[in-house]
Amino acid sequence: MKQLLEFLGVIALLQGIAGLLTEFTDWDWGLVQRIGFLDGYGIYASVALLVLAVALFAAAESRKSG
């Protein structure tokens with residue numbers, strides 16, 4: 001379970017960073033800008049993904065390894 005939480009945390013972190021890079025540069029990658037109902041809310045969705053990543057890492061750290 002700990003590895004799953006860490007994996008999901010890494011995915012959320014990467015997508016959050018990709019979303020912010022897309023908003024502030026001309027790069028076009030990541031899932032945030034490809035989801036239609038998030039049009040105009042890319043920065044908020046990316047920050048939410050970064051917060052989710054921190055929460056997932058904290059939850060994974062609180063789990064016992066093994």
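Everything numeric in this text was worked out from a predicted model, so none of it was measured.
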Would you mind reporting whether Asp28 and Arg34 have side-chain heavy atoms less than 4.5 Å apart? yes
Val10 versus Phe57: any side-chain heavy-atom pair under 4.5 Å? yes
Quick check: closest heavy atoms across [X] and [Y], and the distance to 0.1 Å?
| X | Y | answer |
| --- | --- | --- |
| Arg63 | Lys2 | O-CD, 4.2 Å |
| Leu52 | Ala12 | CD2-CB, 4.3 Å |
| Leu38 | Ala45 | CD1-CB, 4.0 Å |
| Leu13 | Ala53 | N-CB, 3.6 Å |

List, by chain and then residue number, the residues other than Tyr44 in its hydrophobic cluster (Ile/Leu/Val/Met/Phe/Trp/Tyr, side-chain heavy atoms under 4.5 Å); write none if there are no others. Tyr41
Can you name the side-chain contact (heavy atoms from CB on, under 4.5 Å) partners of [X], sequence neighbours left out?
| X | result |
| --- | --- |
| Val54 | none |
| Asp39 | none |
| Leu31 | Gln15 |

Identify whether [X] and [Y] are in the same connected component of the hydrophobic contact network (ILVMFWY, side-chain heavy atoms under 4.5 Å).
| X | Y | value |
| --- | --- | --- |
| Ile43 | Phe37 | no |
| Leu14 | Leu49 | no |
| Leu56 | Val51 | no |

Mind listing the side-chain donor-acceptor pairs of residues 18-26 below 3.5 Å, one per line with the distance, residues two or more places apart or on another chain?
unit_1: Thr22; atom_1: OG1; unit_2: Ala18; atom_2: O; d: 2.8
unit_1: Thr22; atom_1: OG1; unit_2: Trp29; atom_2: O; d: 3.0
unit_1: Thr25; atom_1: OG1; unit_2: Leu21; atom_2: O; d: 2.3
unit_1: Thr25; atom_1: OG1; unit_2: Trp27; atom_2: N; d: 3.4

Start with the C-alpha gap between Glu6 and Ile11, add the side-chain angles, then the distance that decides, and say whether side-chain contact (heavy atoms from CB on, under 4.5 Å) holds. CA-CA 9 Å; Glu6 289 173 345; Ile11 297 297; over 6 Å; no
